There are 2 protein chains.
Amino acid sequence: MVTKQLKGSAKDEADVTRADSLAREIFSDIANKWALLIIEAVGDSTLRFTELRNEIEGISHKMLTQNLRLLERNGLVERTVHPTVPPRVEYALTEPGRALRATVGGMCDWTHRYLGAIETARERFDSA
Amino acid sequence: MVTKQLKGSAKDEADVTRADSLAREIFSDIANKWALLIIEAVGDSTLRFTELRNEIEGISHKMLTQNLRLLERNGLVERTVHPTVPPRVEYALTEPGRALRATVGGMCDWTHRYLGAIETARERFDSA
DNA sequence: CCGTATCCTAATCGATACTG
DNA sequence: CAGTATCGATTAGGATACGG
């Protein structure tokens, strides 16, 4: 259960408690706008920093590096530096990254599928 | 493409541009830790405010109401007020909400599935 | 080209108190 | 019980500048 974590620490449950806490931590790392958009943007490609920046509308230099580091740390993204000058740095999804990408793709599909329904819901809500 | 939005407004592309911008807006609403955890927590149940609060470890009163409003506004969650005293307010997923829940469930499964791999990746990363 | 660091503003969040 | 409002404190995030 990702919705639960850190609970009391009866010695027998110490491990599952730790796992829950870790699960939540990972979930919190991943479940944010920029991280998910990056995963979606990389997809099956191998992209350079600047290419990613152009691919993801509105992301700042800082947010991109920050989230790429985060994804790299959690092993979702692999970073390859080509020691040329000027440097060439490429990003690609790892196996875990591609696995997550499947569900992120689902979220994107969902967004488009329900776009109209959501717009209507918003209008109803806002006029109340 | 959820990764793109607001682009230039050549009159022919005005509609798709608007749709992209809306898609991104919705995606940003939804792709946050608390919103996703709430969706996961509600699931197929009908839960009261306090039940939800207990279900989601670490969420504050404020974050819960705030995100419930957000989900309600976007038509993912249905709010039912029973005019008793004390009041009884129940939350359940709508059809769009349940559809999204499927993919959120996928994210949670993913988290548990790759827990070990991620922990290892982190250790490697942190010792560098 | 890519990354880090700094500064500064805006947004987030928790705690608390108050209403129906 | 559920919701709103307010207030500090923390953090996120953009802009900029500089180094490899």
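Chain letters run A, B, ... following the sequence lines, proteins first and then strands; every chain starts at 1. In this text the structure is predicted, and so the values were computed from the model without any measurement.
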Problem set entry | Any A:Trp110 side-chain heavy atom under 4.5 Å of A:Ile118 side chain | yes
For this session: Whole angstrom is fine here: how far is it from CG in A:Leu68 over to C1' in C:dC2?
Result: 11 Å
For this session: Taking A:Arg79 for its side chain and A:Val89 for its backbone only, find out whether a donor-acceptor pair lies under 3.5 Å.
Result: no
Exercise. Are B:Tyr91 and B:Ile38 side-chain neighbours, meaning at least one heavy-atom pair lies under 4.5 Å?
Worked result: no
For this session: Would you indicate, yes or no, if D:dC1 has its OP1 or OP2 atom less than 4.0 angstrom from a side-chain nitrogen or oxygen of B:Arg48?
Result: no
Exercise. What residues in residues 69-90 of chain B put a non-hydrogen atom under 4.0 Å from any atom of DNA chain D?
Worked result: B:Arg69, B:Arg79, B:Pro86, B:Pro87, B:Val89
Problem set entry | Partners meeting ring-ring contact (aromatic ring centres under 6.0 Å, His included) with A:His112 (sequence neighbours left out) | none
Shorter than 3.5 Å, N or O on both sides, protein versus nucleotides 17-19 of chain C: list them out with atom names.
none

For this session: Please list, chain by chain and in numerical order, all residues satisfying side chain to side chain contact (heavy atoms under 4.5 Å, CB included) with B:Glu95, sequence neighbours excluded.
Result: A:Tyr114, B:Arg98, B:Ala99
For this session: Test side-chain contact (heavy atoms from CB on, under 4.5 Å) on A:Val77 and A:Leu93 and set out the steps.
Result: CA-CA 4 Å; A:Val77 156; A:Leu93 295 182; 3.9 Å; yes
Exercise. Within this structure, what is the CG-to-C1' distance between B:Leu47 and D:dC1, rounded to whole angstrom?
Worked result: 15 Å
Exercise. Can you name the closest pair of heavy atoms from A:Ala19 and B:Leu115 and give their distance?
Worked result: CB-CD2, 4.0 Å
Mind listing the N/O atom pairs, protein and nucleotides 11-15 of chain C, below 3.5 Å?
{"unit_1": "C:dC13", "atom_1": "N4", "unit_2": "B:Lys62", "atom_2": "NZ", "d": "3.4"}
{"unit_1": "C:dG14", "atom_1": "OP2", "unit_2": "B:Ser60", "atom_2": "OG", "d": "2.7"}
{"unit_1": "C:dG14", "atom_1": "O6", "unit_2": "B:Lys62", "atom_2": "NZ", "d": "2.6"}

Exercise. Taking only N and O in the side chain of B:Tyr91, is any of them less than 4.0 Å away from OP1 or OP2 of D:dC1?
Worked result: no
For this session: Compute whether any side-chain donor of one residue and acceptor of the other, for B:Asn32 and A:Asn32, lie under 3.5 angstrom apart.
Result: no
For this session: Not counting sequence neighbours, which residues clear side-chain hydrogen bond (donor to acceptor under 3.5 Å, both in side chains) with B:Arg53? List them please.
Result: none
For this session: Specify the separation, in whole Å, of atom CG of A:Leu52 and atom P of C:dC2.
Result: 10 Å
Exercise. Heavy atoms, side chains only, cut-off 4.5 Å: are B:Lys4 and A:Glu55 in contact?
Worked result: yes
For this session: Might you point out which heavy atoms bring A:Arg24 and A:Val2 nearest each other, and give the distance in Å?
Result: NE-O, 3.1 Å
